[in-house]
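All figures in this text were calculated on a predicted structure; none of them were measured in a lab.
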Amino acid sequence: MSDQPALPPQGPGPVEMADPALRFEVKRALVWLSLIVGFALVVLLIQPIMLILAGLVLASMLDGGVRLVGRVLPIGRGWRLLIVTLAVTLFIAGTTILAGVEITAQASELSAVVQEQAVRFFNWLSGTGLLPAGKADLSGLAQQAMGSIGRLTSWVGTAAGAIGSAVMILAIGLFVAMEPRAYGQGLEWLVPRESRVEFSRTLDHMALVLRRLLAGRLFGMLFEGVLIWIVLSIGGVPMALLLGIITGILAFIPNIGAFVSGVLMVAVGFSAGLDTGLWAIGTYFVVQTFDGYVVIPLVARKTVDMPPALTLGWQVLVGSVLGLLGLMLADPLLAMIKTALERSAETGNPDAPPKPARRRRAAKG
């Protein structure tokens, strides 16, 4: 036998792909396979993903409050977050203590009133010949038509059933609000090194847009809820406080929330008489007109302006697939997607004109 060492094989191994074209096709196939697997995982894990998104939305709200407090009190971030959390907790607890008994009593009556008014409405349609006669059929139709609204209103009194999800969302929101930069850096490590700087800028821009969007929504919720409560109380509409709270909560969901709250106001108003029902209709149209032509444009200039048709279509799509939680998170998710696409277009085309918001700021000087 020879003492010379064995030479390594000169040709390609049995599992080596020497052809560049073959390697390219294999990489492309792996990319498509990864996309399919990722989509399947999203479908399977959609519920926990929605909880995580809800926690991030809550974290963005808390982060906005922390930044706002930081303009007044130059203290550490942890102390500012504690102040914001305590303020929100005291506000919710105070509202519950002051109006909790009245809200509970009104919530138990609202569902029955809505069902009764729906049956009367369908009976009126039957009398005009627009619907076939038949009380049983009309009652079933009313229950089907008002079922979703009934679930929305009963949520006020049955929120304790979702305590586990609420605790998870609260925990995620608090942890992310404590150290948002740490979690952002963790996401940056998931992208290639050469893209991390631009990815970090995109994340910061998305967070800014989300904070502005949520600040505008919170302002709109407070404005609509308080105004509806005051005006309905002046007109003698029953359950004005509960209707104001529901209107304020549903104001987080533009378009669809306004329609649902309007149906509830009109139904409750007509349950107390014709004059009260007409007052409820007038209140709804006046508040929504003022909100649509004054409040929303003013808020959109400072936050993010999304096309109404796109927003409504996205809400219908996400709500039909993911339910109530998806409907509530539809707008923040759309705002983040829109911001990421705009940022990608600006990065890919340096000669692109500035966005309208930037032109407005430039025009103001």
Measuring only between side-chain heavy atoms, which start at C-beta, is W314 closer than 4.5 Å to I337? yes

Do V37 and L30 share a hydrophobic cluster (ILVMFWY, side-chain heavy atoms under 4.5 Å, transitive)? no

Do F223 and L68 sit in one hydrophobic cluster, given that two such residues count as connected whenever their side-chain heavy atoms are within less than 4.5 Å of each other, even indirectly? no

Is it true that atom CD of E179 has more than 12 heavy atoms of other residues, nucleotides or ligands lying nearer than 6.0 Å? no

Tell me the closest heavy-atom pair linking L58 and I169, and the distance in Å. CD2-O, 3.7 Å

Find out whether L214 and F252 are in side-chain contact, i.e. whether some heavy atom of one side chain is under 4.5 Å from a heavy atom of the other. yes

V286-V231 co-clustered via ILVMFWY side chain contacts under 4.5 Å: no

Nearest heavy-atom approach of F175 to Y183 is O-CE1, 3.4 Å

Would you call V84 and M61 a side-chain contact if the rule is heavy atoms closer than 4.5 Å? no

Under 3.5 Å, is there a donor-acceptor pair between the R181 and S200 side chains? yes

Considering only NZ, NE, NH1 and NH2 on the basic side and carboxylate oxygens on the acidic side, decide whether D63 and R77 come within less than 4.0 Å. yes

Applying salt bridge (charged side-chain N to carboxylate O under 4.0 Å, His left out), run through D204 and R343 and close with a yes or a no. CA-CA 11 Å; D204 293 339; R343 182 70 185 177; over 6 Å; no

Cluster question for you: counting only ILVMFWY and a side-chain heavy-atom cut-off of under 4.5 Å, with indirect links fine, are L210 and L208 together? no

Over all atoms of both residues, closest heavy-atom pair of I234 and W279: CG2-CZ2, 4.2 Å

Just wondering, are more than 12 heavy atoms of other shown residues or ligands nearer than 6.0 Å to CE in M178? yes

Nearest 0.5 Å please: distance from the CD atom of E188 over to the CD atom of E198. 11.5 Å

Enter the distance from L213:CG to M336:CE here, rounded to the nearest 0.5 Å. 9.5 Å

With a 4.5 Å limit on heavy-atom distance, are the side chains of F270 and I281 in contact? yes

Heavy-atom pair with the smallest gap, counting every atom of A240 and S233: CB-OG, 3.4 Å

Please tell me if the side chains of F199 and L187 come closer than 4.5 Å, counting only heavy atoms from C-beta onward. yes

What about V72 and V66, same hydrophobic cluster or not, with Ile/Leu/Val/Met/Phe/Trp/Tyr joined at side-chain heavy-atom distances under 4.5 Å? yes

What's the separation between atom CD in Q185 and atom CG in L203, rounded to the nearest 0.5 Å? 11.0 Å

Heavy-atom closest pair, residues A335 and T339: O-OG1, 2.7 Å

Before you tell me yes or no, could you show the steps for I83 and I75 under side chain to side chain contact (heavy atoms under 4.5 Å, CB included), namely the whole-Å CA-CA distance, both residues' side-chain angles and the distance that decides it to 0.1 Å? CA-CA 11 Å; I83 293 174; I75 55 179; 3.9 Å; yes

To the nearest 0.5 Å, tell me how far I246 CD1 sits from S261 OG. 9.0 Å

Side-chain contact test, heavy atoms from C-beta onward, threshold under 4.5 Å: evaluate it for L329 versus V57 and give yes or no. yes

M265 versus I228: any side-chain heavy-atom pair under 4.5 Å? yes

Using every non-hydrogen atom in the two residues, find where L62 and A177 come nearest and quote the distance to one decimal. CB-CB, 3.9 Å

Any donor-acceptor pair under 3.5 Å linking the side-chain atoms of E224 with those of T247? no

To the closest 0.5 Å, what do you measure between CG (L232) and OH (Y284)? 13.0 Å

Mind checking the CE-CG spacing from M50 to L333? Nearest 0.5 Å is all I need. 7.0 Å

Can you confirm whether P238 sits close enough to T276 that some side-chain heavy atom of one is under 4.5 Å from a side-chain heavy atom of the other? yes

